[in-house]
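Some notes on the structure that comes next.
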Amino acid sequence: MGSFGMNQSNGGDPLLDVRNVKTYFPIRKGLLQREVAQVHAVDDVTLSVQEGETLGLVGESGCGKSTLGRTIVRLLEPTEGNVIFEGRDISKLGTRALRPLRRQMQMVFQDPYASLNPRKRVGSIIGTPLKIHGVDKSEQRQRVQELLETVGLSPEHYNRFPHEFSGGQRQRIGVARALALHPKLIVADEPVSALDVSIQSQMLNLLDDLQKELSLTYIFIAHDLGVVRHVSNRIAVMYLGKLVELSPAEELYQRPIMPYTEALLSAVPIPDPDLSHERERIVLQGDVPSPINPPSGCRFHPRCRYMTDICREVEPPLTSYGNGHLAACHHPLNVDKETLARATVSERYTPAEADEGAKPKTPAKGEAHPIPESG
Amino acid sequence: MAERLIEVKGLKVQFATEDGIVRAVDGVDFELSRGQVLGIVGESGSGKSVTAMTLLGLTRDRNTRFEGEVLYKGRNVLGMNEGELQEVRGNEMSMIFQDPMTSLNPVYSVGAQICEAIQIHERADKSTARRRAVDLLKQVGIPNADSRVDNYPHEFSGGMRQRAMIAMALACNPDVLIADEPTTALDVTIQAQIIELIDRLKDEFNSAVILITHDLGVVAEIADEIIVMYAGRVVERAQTRDLFYDPQMPYTWGLLGSIPRLDRPKQERLHSIKGTPPSLIRSPTGCKFRPRCPHAFDKCMEEPPLENRVETPGHLDRCWLSVAEKRQLRERTLSGEEAA
Amino acid sequence: MISFVIRRLIGALLVLIAVSFITYLIFVKIPGGDPAFRIAGRTATAQNIEDIRQKLKLDAPFYEQYWAMMKSLFSGSLVSYSSQLNVVDQIKAGIPATFSLCIGAAIIWLFFGILVGIISAVTAGRWSDRVITVMALIGISLPVFWLGLMARYLFAQGHPFAFMPDGGYVPFTSNPWGWFTHLLMPWWVLAILFIGFYGRVLRSNILDTINEDYVRTAKAKGLPYKRVMVKHVLRNSLIPIVTLFGLDFAAVIGGSAILTETVFDLKGVGWYAAQAVQDLDLPPIMGVTIYATFFIVLFSVVVDLMYAWLDPRIRPT
Amino acid sequence: MATESTTDFTLDTAAALAAAEDEGAIEGKSPWYLAWRRLRRNYVALAFLFVFVAIVVLCLCAPLYAHHVAHTGPNTGHLGETFTRDGQQVPIVSKGGFQNGQFHAGGIPVGPQLWHAGGKYVLGADNQGRDVAVRLLYGGLNSLAIGIGSAVICTFFAMVFALLAGYYGGKTDWIISRFFDLIWAFPVLLLAIALGTALSINGFHHFGINIKSGSLWIPTLVISYVLIPYIGRPLRGQILSLREKEFIEAANSQGASSLRVMFSELLPNIASSILVFFTLIIANNILTEAGLSFLGAGVQPPSPSWGTMIADGQDRIATAPWLAIIPGIMIVLTVLSLNVFGDGLRDALDPRAKVRMEH
Amino acid sequence: MTKRSRLTRVVGVLALLAALAFLAGCGGGGNKSSSGSSGGSSNSGKTYPVLRVIWDAPDYMDPQLYYTVAAYQINNYVWSGLLGYKHAAGPAGAQLVPYLAESMPKISADGKDLKFTLRKNLHYSNGAAVKASDFKYSIERAFKMDSPGVGFFSAISGVSGANGFATTKKGHITGIITNDANRTIELKLDHPEGDILYILALEFAHVVPSGTPASDQSTHPIPSTGPYMVQSYQPNRGFTLVRNPHYNNQIPTEPSGNPDKVVGTIITDPVAAYQRVVSDKADYDFQPVPNDRLPEAQSKYKDQLRIYTNANTYYYALNNAIPPFNNINARKAVQMAIDPQAIISGVYGGLGRPTENFLPPGYPQYKKIDAWHFDLAKAKQLVQQSGTAGQTVDVYGPNEDPSKANTEYLAGQLTKIGYKPKLHLLSHAVYFQTIGNQATKAQAMFTDWYQDYPHPIDWFDTLLNGNRIAKIHNNNVGNVNVPSVNKEIEALKKITTLTPDVNNRWAKVDSDLMAKYATTVPYMNRSSTDFFGSKVDMSCYTFSVVLYWDWGLSCMK
């Protein structure tokens, strides 16, 4: 997939531009259903996705990655901020206005069981988007059968029901449905995490092939960094609704800057007993705090092993360390003094209130290599 | 040699269902000794969970048939009556399950559910049991265990619930801890915590562990021995290092090859096992893996026995390919070069 | 918790107002004749009727009439159109019979319903389960008034098998044994439907719960079968039964026992309601409706609280 | 009734089956087909379905029976008349009164004649000399018409309300839920009786709807109205949980309109529940109708219904017990057959579903 | 289900024959108070501790309000008026005797002034003395309470008219002058009224203490003057009467009663009521024995069963004003389509006597009519002749048995002769006001009449006089309007002396309306039952035309 790697710098208008998006869910209580609090599911995230690239979105459950995905395809309306797709702000469009755009963006869901209507035949499930968007009836069947073949199923399966398929096959049906209208962008929300490893790889290969054949753009949401790395050109790490690191894929694995990323990487199991024994595991303590009442300052500070006072008080801005690598941390890892000096607070990716003064000053001691290299 | 705790001999478990007889476990043998960690690996439907539950007699049902023996310290679990089984369960062998949310009773506090086992098995009084429950929660790393002991499961996060499950399983110092996909429903970060916890507690409690998973990566670090199951059968069995560094069964290669490796440069393509697991009602003839195996040949129409075919003793597999052929073929699979 | 209760009570009050208003509209909009004529009798003079009309404000706009009626109802001075008996007093007079009937029946149906449910769930698939299932289904298929008639006919009315007293209510205070014997048939007649229904609901709840993961956990802990069944399976299976019971009990207290009371000539609130409806006598209908709604609403609050108490997951904060 | 499947381990039976299926099979087995396959094996449920169908067919034959066998109408009284049995004239209702100053009790109708009277009074006569068998069949027609009619209306509205409430949520849901609450808070039977009685006087003539008093529409509508929340609530609950399913999100993300989501995605998923509810609510409605008619708030005389027949018969239970017993047995049989079949249907449609009418 | 057994609306049930005696004797005088007859006051040795009766629900237990038999029959031993009826079996029981009054009143020659004197030492059951002014208070109270009985008092001076007490309810009725010291009561009438003494015997004129609230006191028993007092009353459930401790035989003309206590249980379900008595849980069943149990009662408990027929007529009213029954042939057809014997047997279990007269038998004006014979074929033919065949007929009736079945019978017969009846069955609570409203346009309906007072006027003028047709509250529900007969009724109304000639003229009115013009279809005088427990000594059974079963005279074996 490397051949498709898009360099951040070579610009051009991005396919998708997410600007300072916040998606909050109100918590209502009482007889009058007053809003008493908000879940800060996505809290001021800025991203862009170039055509043809795959952006990986990782983080623990509850970090807002799925919400961001749903906000991007406008299953949710952002509370604030803009989602710009092909230069058009779609963040406030109504159902009707969105309909034509739906052809361009599709979603693949996590649960292969819940994402297919159990009462409909496969043909009808995949054919529905065609029907909605007025594709001729005679064409529909043919197109559905093509799609079935595309995702590695037999066209003969046209009249079967979802319950007659295994998990992996169902996920293929989900992909076929997403592809029905030749979308440009596919948001895949944990498409493989409910599958066995052996089936996971089938799916990953399939998605890979499809990208090549159909020049698709993916936003790939997952909690497994191994999987993300395999498919992504760039990776965004989220924590408690915030974007904390954004980096070209390989760079992230070799040189994580944010301690959270480091911890995530070190948690990925390695199917190699010797290496597993050798490597240093950073086991994060505790769980992700509540997004209703996120911690002050750096949201990761209560679990961070490099935490100092400033982390508790000041929210670190996303800082660009060059080469398209951004991170929000007061104590960046794997960064030497010079890089640090050159680093700039990224204007585009940073909340308005942050300025150059909030730029990190002290690198964390020691170099982290969460991933040992085997031969 | 450490004390032999469990010995499974020719275990078969069959369920009668509306659609026919499901041969969920179809001939499984293994042994487990004190201090040992045994990994059982396989896809869904490979019979690994059924095997584990059968060890505790949890699959007993009117529609279930058993063959073979499950010996716990020489006593056949399959032949025990309910009372004897209850003595073994929780007390000598205990189990943690995949989904900690549904595996804890929502209407009792976590503490009460831990105390329950203690009170039953150790005839401890309420306050003793409670004190022990708090200790256990501390041991599994639950902060403020004194107060959290009275919380209900829904007030715990997923990781904490699984810790509570572990505390409950360890409440009576069991000899054997069976963990059935304990991390599948959890985030990777939490998964790491839990695996580490099991590894640590195994030593503290001087237990043996059976760890069931579909992800070989999970067991690589802590297992001593690994059993790979496919369609109800053991297809490969070896010491952990042997299995990882000298896997004999094409299915095992498939499993290993399908994991995206962070420790290696990014592969162009992942290996994957084509097709889907076979029906347990009408399973294929011969080698069960034959329909999905890229290396199948005529002989595979006959089922290979589970035998030691390599130099290392105790490394068993079910594949007709010669060892040399295997070693030659597998590298391509493992590196992901060979696509399905 | 307190705010939850208060909130629920305010909601209950609103429901009461709405219900009473709708009842009023039903009987004002859909005429049952001029109450003044009724009170005045067949030989009344025009003067009489005019006087009564004024007294009852029958010429006032309907909302004023409604308001007047509600005022007099809650001050306890509302009287019926057909007999001038005080509505509140009459409802109070009916309460002992209704409560005796309902509480007794509730005890029977709860006890036997749970028993039946447990037996059939534990023996699921076996002959005893089949027999119980058939019995339960027959139970829920019996029209209660017909069952009552048959019971009276067979057991009370000079028939060869007659051994029960026939109909009527004997106050507990005047004759406890008479109270008991007179209520025995009505209790069972009212309870049978519920026994069948609860038995079936509990059976399927238990069978669902048995398959829950936490029951497997309990077994894996080595708990004895009985303890697993009682503490884990039954306890969780009974939660929906509690809700069901609360609502059913309220409904029965609040007038669902009309048929049973009528068939057995038990002069309870349901009987009074039936009379009132037959006489198209608005004041008692209003009174009984509000009484019944009060219980239904009250019990739905109680059920919510019970539910919260039994199931920590939905405990309001 | 169906065998309870207690084995539910991690094995994915469906996948196992799918893999075992002949790859060439083109036509998928729909959930309806699978349900039918399960139902086919449930002989008890089928037997009771047959009973129900037989009852319906019998009742539909009422006019034929009345005309060609009994030679009388359902409301035709024969007081003071006689009929021929085995060549003898027998009074249909026994004579009573004062003769020579002596009082003689009378008014006892003839009992079931079976076939001794050539098809007349097969099940006896009532106190007005009407043929019970004829009334029973016509009464069945009325009871079934009300039961099924109100079930259709009730289920339809419950479905629409549930779909609207469940799909739109928010304010729509709030309003519909409060509407359900309100009906729920009413003492149901009392409300039904009150409405039935009040309407039976002058009928209903508001909002451009004109229903005459004595019309079968009155009990039908009253019953459907008061029972709407009983189906509406559980359906709403189901839709709320279905709405959370990803396939609904998928439909939304494809730009499906609300109507499409409601009718093409949600409805098929509650269809089996609706079907089960429908079966069970017919049973329930027949019982309710009988209760209302018994209290005089349902079917209005002289039209028979099983409930009114019992009400009429209760005064004659000592001298003519068949008057109350026979219609009662018909109700039990009909309701039981529906209940058993409904139960089987539920087991077949969704063996693990919690389709259950809140009582 | 309630069984309203006695549809009897009884406003002062006056006895037929007594009235005749009165009318014959023509006012004034009155006999000396007769010493007790059969039971009389000589009750020594026949007293017994308790009488357990099953009763129907009384409408009120307040003398100024109640007007049903259920209330009247039990309370005639509780409250008393100035005059009352002699407690005697049969027709003798219709004789008026002085109760609270010392003697029958002195009546002025013009009949407009009546003078009473109260007996000495009269006390209420609470011990208070009975004052003459209490009488005045009681009458005024009836007005203040809008009692249904106030119409009877319209002849008293100061009642009627714009400033009369009936309208203003202020001040006092000027026509009643009382003197507590002398115990005298003087009654002034605007015009002479032949039945005024009977009106004074009505419960509405019973004396209650001054100051008794002018609202229904049913549940707060008013102190009584008779031998018993109400100890407790729970509406719809029961009542208990006990002896009046201050009675001291203060009304010698009234028996002091045999039971020391009467425990009444109100059971409206006739089957349950009957069953109670059969199982000896009660001594008397007020409810009619249900048809269903009549055969059993008649055979098994023959000695405990008594059957009586009082002055009533059950008839179908046909709306003479609108088609089809403005056509005489149509009406005749109905006459012929009705088989009284069939109704009596099928609907009333035999408890009734067929009739074709409007007046009940026993009236001196009664002359048996024999004009109609049940003949369906002929009836059908008449309908064809009348040209009304196939028309719809709105048939009205009450919605409870037996009236319901009765109405269904009518509808059935109408069908048989070629009409299309549409049945409307209504709650008794609204039945009469509905059919009494011209807007209802009822065409054929069930109705009955129990005499208010024993005079043909109460029948023909009240029910069938075309001049009295009203828009609402119409008692002539059939809109019977035969001008010649109307004229005759108006003429007869003015004649106070009932000579045989006058009686014959009344009889002609009956036969004209029933036979010649076939305006109305009478078919039955209904009978009813008294049913007793096995312990009751039936030799003491006293049935009077006014009081029905005289329970005070009952005794036990």
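Convention: sequence-line order gives letters A, B, ...; per-chain numbering from 1. Note that the coordinates shown come from a computational prediction; the quantities given were computed from them, not determined experimentally.
- Using a 4.5 Å cut-off between heavy atoms, D:Ala283 does not touch chain C at all.
- Between D:Asp126 and D:Arg316 there is no salt bridge, since no side-chain nitrogen of the basic residue lies less than 4.0 Å from a carboxylate oxygen of the acidic one.
- For D:Arg178, the salt bridge (Lys or Arg N to Asp or Glu O under 4.0 Å) partners at least two apart in sequence or on another chain are D:Asp181.
- Listed by chain and residue number, C:Phe249 satisfy the ring pair (Phe, Tyr, Trp, His ring centres under 6.0 Å) test with C:Phe299 (two or more places apart in sequence, or in another chain).
- Other residues, nucleotides and ligands contribute at most 12 non-hydrogen atoms within 6.0 Å of the OH atom of D:Tyr43.
- Residue pairs meeting the side-chain hydrogen bond (donor to acceptor under 3.5 Å, both in side chains) criterion with at least one member in residues 324-335 of chain D, sequence neighbours excluded, do not occur.
- Highest contact tally toward chain C, considering only D:Asn339, D:Leu189, D:Thr288, is held by D:Asn339 [criterion: heavy-atom pairs under 4.5 Å].
- Aromatic pair C:Phe145/D:Phe294: centroids less than 6.0 angstrom apart.
- For the pair D:Asn142 (side chain) and D:Ser305 (backbone), a donor-acceptor distance under 3.5 Å is absent.
- Below 4.5 Å, heavy atoms of chain D meet heavy atoms from C:Val288, C:Thr289, C:Ala292, C:Thr293, C:Ile296, C:Val297, all part of residues 287-297 of chain C.
- Heavy atoms closer than 4.5 Å to chain D are found nowhere in C:Leu147, neither backbone nor side chain.
- Aromatic rings of C:Phe264 and C:Trp271 (six-membered ring for Trp) have centroids beyond the 6.0 Å cut-off, not under it.
- For D:Ile329, the parts lying under 4.5 angstrom from a heavy atom of chain C are both the backbone and the side chain.
- The backbone N or O of D:Ala45 sits less than 3.5 Å from a side-chain atom of D:Asn42, completing a donor-acceptor pair.
- Neither the backbone nor the side chain of D:Ile286 comes within contact range of chain C; no heavy atom of the residue lies under 4.5 Å from a heavy atom of that chain.
- Both the backbone and the side chain of C:Thr23 come within less than 4.5 Å of a heavy atom of chain D.
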